[in-house]
Structures are given as C-alpha cells and as structure tokens.
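Below: the structure, in structure tokens.
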Amino acid sequence: MASRAAAAVAVLALLCAAVHSSEGQLSPTFHAATCPDLEHIVEFHVAETFRRDVGVAPALIRILFHDCFPQGCDASVLLKGAGSELNELPNQTLRPVALDLIERIRAAVHRACGPTVSCADITVLATRDSLVEAGGPRFDVALGRRDALAPATKDQVGLLPAPFFNVSTLVSSFGDRGLDVADLVSLSGAHTFGVAHCPAFEDRFKPVFDTNPAIDGKFATSLRNKCAGDNPAGTLTQNLDVRTPDAFDNKYYFDLIARQGLFKSDQGLIDHPTTKRMATRFSLNEGAFFEQFARSMTKMSNMDLLTGTKGEIRNNCAAPNRRVRDIETAATRDEGIAADM
Ligand code: HEM
Ligand SMILES: *[C@@H]1O[C@H](CO)[C@@H](O)[C@H](O)[C@H]1NC(C)=O
Ligand SMILES: CC(=O)N[C@H]1CO[C@H](CO)[C@@H](O)[C@@H]1O
C-alpha cells in the first residue's frame, strides 16, 4: 500500500515535470507581456552601433555560432574570467565591439523591464537585427532561452570546426551537432562578410601544407605578400569575401567559383560532390541562399537550449549571478563585521 502511494507520487512528479518542460518551450511572444519594448530596444542599439562600425554584424553572427555550437545557445561564450570559453583559441578573435553591445543591450532591457530577458535571447535578437542591417535575410526567432551557469568545457569548445577541415570532416562535425549538409553550405555563406587573421589561413599560401583544394594563384600571392607584413603575428586582417567585404549577399559563392575562398573549409564546398550543386545554386540564386540561410540560422539558434527553470537570467552577461552575489555577500559580511565593532 505504502509503496503504491509512493508510486503514485512518483507518477505525479513525472507528470508535473512533463507539464513543466512543455512550459519551457520557446515562443515568439515569450516576453510580450513582461517586456513589450524588448525588440525596439535591441533594434535601436544594434542600428546605432552598426552606424559606427559595420563590423559588428559579422562579429555578432560569429559569436552566436561559437555560443551555440559547443553546448547550445546559452550565452556561455560571453562569460569572462578563468576557465572561460573566451580564453580558448577559437575565441581569441571574437570582437569586443559586439560583446560590449550585447551587455549594453542587456543593461537597457533590464532597466526597462527588470531581469526578465536572458543574455542568450538578447544575443540571438541582436544577431538577427544586425544581419538585416548588413543586407541579409531576417530569420525567425522564438524566445525564452536561459543563460548557462558555467562555461562549456575545453573539449566542447574543441568541437568547433577548423579552417583546414575538408568537406567530409565538416559534414561529420556539423552532423554530430544535428546540422545537415544544407546547414553547412548555407551557414558557411556567413563568410560573405567579416575578417580573418593570417594564422587562420596561412596553409593557403605556404606550399609546405597540402595544396588541395586549389587556390587561385594571384589570390595566394596577394595573401602571402600581405601576411609577410603581419607583425606582430595575428594583427593584420583579411576580408573573408574579396568582392563585397561588408555586405551580406551571395558573392561568397562567386569567390568559391573563382577559387578565391579564404579557408580550405570554404573552397572545398565547390569541389565536393555532396556540396557542389548547392554551392553553385546559391551563386546563381541569391533568393535560394537567403531562404536556406534564414532556415539554418533559426535551427542553429535553437540548439540545446536551457528553458523553463534551467539556468538563469544573468544580471551581467560576463558573469554568472552566483559569482556576482558572492562578491556582494562578502561586501555585506564586511559591513556586518564593521557594524559589530
Ligand atoms: C563551417 C565551418 C567554419 C569554420 C571552419 C570557420 C572558421 C572561421 C575562422 C577561422 C574565422 C576567422 C577567425 C580569425 O582569424 O579572426 C572565421 C570568421 C568568421 N566566421 Fe566562421 N567558420 C565556420 C562556420 C561559420 C558559421 C556557421 C558562421 C555563422 C553562421 C560563421 C561566421 C563567421 C564570421 C561572420 C566570421 C568573421 C568574424 C569577424 O569579422 O569578426 N562561421 N570563421
Ligand atoms: C579529410 O580529413 C580527414 C582528417 O584529417 C582525413 O582522415 C581524410 O582522409 C580527409 N578526406 C579527404 C577526402 O581528403
Ligand atoms: C574576446 C576575448 O576575450 N578574447 C580572448 C581569447 O583568448 C585569448 C587568450 O587565449 C585572450 O588573449 C583574448 O583576449
């Protein structure tokens, strides 16, 4: 009897958990009642920063990729300090202008609505708006993400693909994270704006490395000459798209056809039987590219989310609340001691 009662309680608990997790779904109107001005605030700040620095658009979209791919879109990449993802090699070139913008928006949103919107939601919204500013498509965004309590591990950050990967490695790397070939070919098109640093593509002009996939000779020479002046190493930048470096368009796929893709991971897409047709189609039909890109961005921004009561709404995108509270508690304790004396 007692054990049957216990079983009933257990079933009830399971049912409650199920209801709870369905409450944890994303919705486009998640913040509509609690923060009606959210989207205006984000749009305003993104537009203002974009006017000063168009590089904020590629910077934001890369931050979103580096947030979502390792352990999900939980703003873990924004955490600073010891053991943070920002200390890992792939994140060395994430741009402060975009990290600062996300925190500036968080502060403005929390001033208007209280601490109701996560850094993860703000990162996705800011990325969506900056992509439109740069001429790209608007992708659908549902809201209700929560922020991670801790950064992803070194191994998880190590899942991010490297620029020297070939197409089969890229396909399996994306596949392992639930992203398919259409996601790979379209999302790689984000390299139609923004910049890279010489260490990321030196294998394209140093013949000691594998020379496949082939690169345009003049392009390789120009990269070699440019990077000869990269002193101290990693300070020079090279546009990812040589045709329209700041615009979000389909010219990246023209680069690939002209064998002027900057990374091996880019150039290979126009050669490999699995990706060639789609990359060619995107060069011929910008509408088709934009449509797939928007679909894949929505998919990427929904990877492995924390919802419902998991995670937290951070009061500072660079630190988990506990760390902030520890500092505050320490301060009050000191005051307490002082008052006792
Ligand atoms: C397919 C595998 C990918 C590889 C191997 C790769 C690799 C890289 C590398 C090495 C850089 C340059 C880093 C530097 O030297 O500063 C870079 C930049 C960039 N990546 Fe990717 N990436 C990939 C996928 C993506 C995806 C899925 C997105 C977004 C949807 C993306 C968006 C960007 C952007 C916008 C930049 C320029 C950032 C800036 O200007 O600050 N990449 N990527
Ligand atoms: C792709 O790269 C992987 C890992 O470096 C390697 O094992 C594989 O042989 C390469 N595939 C091709 C087709 O070059
Ligand atoms: C944006 C950012 O914080 N980048 C850091 C990435 O990691 C390196 C160290 O590996 C730092 O020097 C960068 O500041």
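Please read these numbers as outputs of a predicted model, since none were measured by experiment. Just so you know, these numbers use all the heavy atoms, side chains as well, and skip hydrogens, waters and symmetry mates. Start at 1 and go down the list; that is how both ligands and their atoms are numbered.
Heavy-atom contacts of Ile61 reach the following atoms of ligand 1: 35 (C) (cutoff under 4.0 Å). Residue Arg95 approaches ligand 1 through these ligand atoms, each under 4.0 Å from one of its heavy atoms: 39 (C), 40 (O), 41 (O). Heavy-atom contacts of Ser168 reach the following atoms of ligand 2: 11 (N) (cutoff under 4.0 Å). Residue Ala196 has at least one heavy-atom neighbour below 4.0 Å for each of these atoms of ligand 1: 12 (C), 14 (C), 15 (O), 16 (O). Remark: ligand 1 atoms within the under-4.0 Å shell around heavy atoms of Pro161 are 2 (C), 3 (C), 5 (C). When each atom of ligand 1 is checked for a heavy atom of Gly194 under 4.0 Å away, the hits are 37 (C), 40 (O). Heavy-atom proximity to Asn166, at under 4.0 Å, picks out these atoms of ligand 2: 1 (C), 2 (O), 3 (C), 8 (C), 10 (C), 11 (N), 12 (C), 14 (O). Within ligand 1, the atoms closer than 4.0 Å to a non-hydrogen atom of Ala200 are 10 (C), 15 (O), numbered from 1 in the order shown.
When atom 21 (Fe) of ligand 1 is compared with the N/O/S atoms of His191, atom NE2 turns out nearest.
When the heavy-atom distances from atom 8 (C) of ligand 1 to Phe263, Phe293, Phe69, Phe193 are ranked, the shortest goes to Phe263.
Looking only at protein heavy atoms, the nearest one to atom 24 (C) of ligand 1 is Phe65 CE2, 3.3 Å. Nearest protein heavy-atom contact of atom 38 (C) of ligand 1 is Arg62 CD, 3.5 Å. Ranking the protein heavy atoms by distance from atom 16 (O) of ligand 1 puts His197 ND1, 2.6 Å first. Nearest protein heavy-atom contact of atom 4 (C) of ligand 2 is Thr169 OG1, 4.0 Å.
Remark: the backbone N or O of Ser186 is not paired with any side-chain donor or acceptor of Gln292 at under 3.5 angstrom. With hydrogens and angles disregarded, no donor-acceptor distance shorter than 3.5 Å links the side chain of Thr169 to the backbone of Phe165. For the pair Gln260 (side chain) and Val242 (backbone), a donor-acceptor distance under 3.5 Å is absent.
Here's the thing with Pro58: none of its N/O atoms is less than 3.5 angstrom from an N/O atom of ligand 1. The shortest N/O to N/O separation between Ser188 and ligand 1 does not fall below 3.5 Å. Checked by distance only, ligand 1 and Thr93 come closer than 3.5 Å through their nitrogen or oxygen atoms.
Look at Pro163 and you'll find a heavy atom under 4.0 Å from some atom of ligand 1.
Using the six-membered ring where Trp is involved, Phe263 and His191 have ring planes that are perpendicular, over 60° apart on the 30 and 60° scheme.
At a threshold of 4.5 Å between side-chain heavy atoms, the hydrophobic network of Ile, Leu, Val, Met, Phe, Trp and Tyr places Phe50 and Leu64 in one connected group. Both Leu179 and Val141 are assigned to one and the same hydrophobic cluster, defined by single-linkage of ILVMFWY side chains at heavy-atom distances under 4.5 Å. Criterion: ILVMFWY side-chain heavy atoms under 4.5 Å apart, direct or through other members. Under it, Met303 and Val181 are part of a common hydrophobic cluster.
Enclosure of atom NZ in Lys226 by more than 12 non-hydrogen atoms of other residues, nucleotides or ligands within 6.0 angstrom is indicated. Within a 6.0 Å sphere centred on NZ of Lys276, heavy atoms belonging to other residues, nucleotides or ligands number 12 at most.
A 4.5 Å side-chain heavy-atom check between Val46 and Arg128 finds every atom pair outside the cut-off.
With rounding to the nearest 0.5 angstrom, the CG atom of Leu306 is 10.0 Å from the SG atom of Cys73.
Contact annotation: for Ala190 versus ligand 1, heavy atoms closer than 4.0 Å belong to both the backbone and the side chain. Only the side chain of Leu240 comes within contact range of ligand 1, with a heavy atom under 4.0 Å; no backbone atom does. Contact annotation: for Phe174 versus ligand 1, heavy atoms closer than 4.0 Å belong to the side chain alone. The backbone of Ala162, and not its side chain, has at least one atom closer than 4.0 Å to an atom of ligand 1 (non-hydrogen atoms only; backbone = N, CA, C, O).
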Begin from the C-alpha positions of Phe290 and Phe282 and carry the test ring-ring contact (aromatic ring centres under 6.0 Å, His included) through to its verdict. CA-CA 9 Å; Phe290 276 17; Phe282 289 165; 9.9 Å; no

side-chain hydrogen bond (donor to acceptor under 3.5 Å, both in side chains) between Asp129 and His45, intermediate numbers included: CA-CA 10 Å; Asp129 290 354; His45 285 271; over 6 Å; no

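The protein reaches atom 11 (N) of ligand 2 closely, with a heavy atom under 4.0 angstrom from it. Closer than 4.0 Å to atom 2 (O) of ligand 2 lies at least one heavy atom of the protein.
The two residues Ala75 and Asp67 come nearest to each other via the heavy atoms N-OD2, 2.8 Å.
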